[in-house]
Amino acid sequence: MNNLFAVTSGKGGVGKSTVATCLAAAAEQLEKKTLLIDLDEGLRCLDIMLSLSETVVLDLSDVFDGHDVNSAIYPVKDHPFIYLLPAPAFYGRIDEDSFGDFIREATLRFDVVIVDFPAGIDLRLYKQMPDTTRFLTVCNPDPVSIRDAGVVADRLFEIGKTDNRLIINRFSMDYIKSGIYKGIDDIIDSSRIKLIGVVPNDTQILINQAKGRLIKRGKASKAFLRIIKRLMGENIPLPKPKKI
């Protein structure tokens, strides 16, 4: 079973890192031992989002420098199934070849591995991901974000990474009621990426994130649980837009 997921986005600010952490929280509900890997060198954020910023000493680059990997993997408080490997505090510290080898080993140690890539189309580390990786491209339901998601999909296809799925984050029925889209199918068609899930706009996620907490209930939490179940191979239908 595929257990390696790379979370990507074209533009920043679409909630990509939030999606990564919420998917980990959903995997925990299925009792999956999950490793989150932050790849945003110099701009890491998952340690703050998971209340680990005061705890982190070692990071991914230290593992490549010879430190014990277990010393750089941090358990998330109150979440016994979730672990974090932080990104380096400075840019340019991740060795590409070492990264590829490490990812393959990580999939043998954890039930689920979620890699949070930086926004944009720098393919330096994408190329090191195993062929079994499923890429999850995050967009918001606005035309610019959707177009940029399509650009990411095209670039991934160019380097042979064809297993790509779309997550529409912060969805609101207002986009359909206002006539911007006729329905969710319009968003899918514009991005040219097969849909894996839609997450409703939920301000509680941002509040929890600011407090370093993961969501455990609410419509967004249910949406992420549906997504992780689909990724695990279950046939979970997409609710009608009004019920997302």
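- Here the shortest heavy-atom pairing between Ala72 and Asp59 reads CB-O, 3.8 Å.
- Rounding to the nearest 0.5 angstrom, the gap separating the SG atom in Cys45 from the CG atom in Leu50 is 9.0 Å.
- In this structure the side chain of Ile73 never reaches within 4.5 angstrom of the side chain of Leu84, judged on heavy atoms.
- A 4.5 Å side-chain heavy-atom check between Leu52 and Val76 finds at least one atom pair inside the cut-off.
- The two residues Ala20 and Val7 come nearest to each other via the heavy atoms CB-CG2, 4.1 Å.
- Using a 4.5 Å cut-off between side-chain heavy atoms of Ile, Leu, Val, Met, Phe, Trp and Tyr, with links allowed through other members, Phe99 and Leu108 fall into different hydrophobic clusters.
- Linking Ile, Leu, Val, Met, Phe, Trp and Tyr whenever their side-chain heavy atoms come within less than 4.5 Å puts Ile121 and Leu156 in one cluster.
- Other residues, nucleotides and ligands contribute at most 12 non-hydrogen atoms within 6.0 Å of the NZ atom of Lys219.
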Next item on the list: Starting from the C-alpha separation in whole Å, work towards a yes-or-no answer on side chain to side chain contact (heavy atoms under 4.5 Å, CB included) for Lys161 and Leu123.
Entry: CA-CA 11 Å; Lys161 308 300 183 183; Leu123 304 185; over 6 Å; no
Note to self: Let's go through Asn235 and Lys229 carefully: what are the C-alpha distance in whole Å and the side-chain angles of both, what is the deciding distance for side chain to side chain contact (heavy atoms under 4.5 Å, CB included) to 0.1 Å, and is it a yes or a no?
What the structure shows: CA-CA 8 Å; Asn235 184 17; Lys229 285 182 175 180; over 6 Å; no
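- Residues passing the side-chain contact (heavy atoms from CB on, under 4.5 Å) test with Glu158, sequence neighbours excluded: Arg155.
- Remark: Thr34 pairs with no residue by the side chain to side chain donor-acceptor pair (under 3.5 Å) rule, at least two apart or across chains.
- Ser221 places no side-chain N or O within 3.5 Å of a backbone atom of Gly218 that could act as its donor or acceptor partner.
- Side-chain contact between Ile187 and Asp189 is absent, with no heavy-atom pair separated by less than 4.5 Å.
- Nearest heavy-atom pair across Ala24 and Ile82 is O-CD1, 3.7 Å.
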Identify each donor-acceptor pair in which a side-chain atom of residues 142-152 lies under 3.5 Å from a protein atom, sequence neighbours left out, and give them as a table.
{"residue": "Asp142", "atom": "OD1", "partner": "Val144", "partner atom": "N", "Å": "3.2"}
{"residue": "Asp142", "atom": "OD1", "partner": "Ser145", "partner atom": "N", "Å": "2.9"}
{"residue": "Ser145", "atom": "OG", "partner": "Asn140", "partner atom": "N", "Å": "2.8"}

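- Rounding to the nearest 0.5 Å gives a distance of 13.5 Å between NZ of Lys16 and SG of Cys139.
- Annotation for Glu96: atom CD counts as buried by contact number, over 12 foreign heavy atoms lying within 6.0 Å.
- Residues passing the ring-ring contact (aromatic ring centres under 6.0 Å, His included) test with Phe117, sequence neighbours excluded: Tyr126.
- When the side chain to side chain donor-acceptor pair (under 3.5 Å) test is applied to Arg134, the partners found at least two apart in sequence or on another chain are Asp163.
- Phe157 and Val138 fall into different hydrophobic clusters, where Ile, Leu, Val, Met, Phe, Trp and Tyr side chains are chained together by heavy-atom contacts under 4.5 Å.
- Arg170 places none of its side-chain heavy atoms less than 4.5 Å from the side chain of Val199.
- Between Asp47 and the choices Leu36, Thr55, Val56, the side-chain contact (heavy atoms from CB on, under 4.5 Å) rule is met once, by Val56.
- Atoms CG and CG, from Leu136 and Leu23 in turn, are 6.5 Å apart once rounded to the nearest 0.5 Å.
- At a threshold of 4.0 Å, the pair Asp62-Arg93 does not count as salt-bridged, since none of the basic side-chain nitrogens sits closer than that to a carboxylate oxygen.
- The structure places CZ of Arg124 at 5.0 Å from CD of Glu41, a figure rounded to the nearest 0.5 Å.
- Residues passing the side chain to side chain donor-acceptor pair (under 3.5 Å) test with Ser191: none are found, sequence neighbours excluded.
- Of all heavy-atom pairs between Leu39 and Pro118, the closest is O-CD, 3.7 Å.
- With a 4.5 Å cut-off on side-chain heavy atoms, Leu35 and Val112 do not count as touching.
- Within a 6.0 Å radius of CG in Asp122, other residues, nucleotides and ligands contribute more than 12 heavy atoms.
- Note: the hydrophobic cluster containing Ile159 also contains Ile94 (ILVMFWY, side chain heavy atoms under 4.5 Å, direct or indirect links).
- Contact between Asn169 and Pro141 at its shortest, heavy atoms only, is O-CD, 3.2 Å.
- Between Met173 and Pro200 there is no side-chain heavy-atom pair separated by less than 4.5 Å.
- Between Lys11 and Ser9 the shortest heavy-atom distance is O-OG, 3.0 Å.
- Checked by atom type and distance alone, the side chain of Arg230 pairs as donor or acceptor with a backbone atom of Pro237 at under 3.5 Å.
- At least one side-chain heavy atom of Val69 sits less than 4.5 Å from a side-chain heavy atom of Arg109.
- For Pro80, the side-chain contact (heavy atoms from CB on, under 4.5 Å) criterion is met by Glu28, not counting sequence neighbours.
- Listed by chain and number, the residues in a side-chain contact (heavy atoms from CB on, under 4.5 Å) with Asp185 are Ile188 (sequence neighbours excluded).
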Next item on the list: Run the numbers on Thr107 and Asn3 for side chain to side chain donor-acceptor pair (under 3.5 Å), then give the verdict.
Entry: CA-CA 7 Å; Thr107 59; Asn3 69 336; 4.8 Å; no
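- Between Ile205 atom CD1 and Thr18 atom OG1 the span is 7.0 Å, to the nearest 0.5 Å.
- Residues Ile168 and Ile180 share a hydrophobic cluster, clusters being chains of Ile/Leu/Val/Met/Phe/Trp/Tyr side chains in contact below 4.5 Å.
- Every side chain to side chain donor-acceptor pair (under 3.5 Å) that Ser17 has, sequence neighbours left out, goes to Asp116.
- A 4.5 Å side-chain heavy-atom check between Asp38 and Leu85 finds every atom pair outside the cut-off.
- Identified under the side-chain hydrogen bond (donor to acceptor under 3.5 Å, both in side chains) test for residues 194-203, with sequence neighbours left out: none.
- Within the structure, every pair that satisfies the ring pair (Phe, Tyr, Trp, His ring centres under 6.0 Å) test and touches residues 36-93, not counting sequence neighbours, is listed here: Tyr83-Phe110.
- Judged by distance alone, the side chain of Arg165 and the main-chain N or O of Leu195 form no donor-acceptor pair under 3.5 Å.
- Residues forming a side-chain contact (heavy atoms from CB on, under 4.5 Å) with Thr133 (at least two apart in sequence, or on another chain): Leu4, Ala6, Met129, Pro130, Phe135.
- In this structure, Phe5 CZ and Ile196 CD1 are separated by 8.5 Å, a value rounded to the nearest 0.5 Å.
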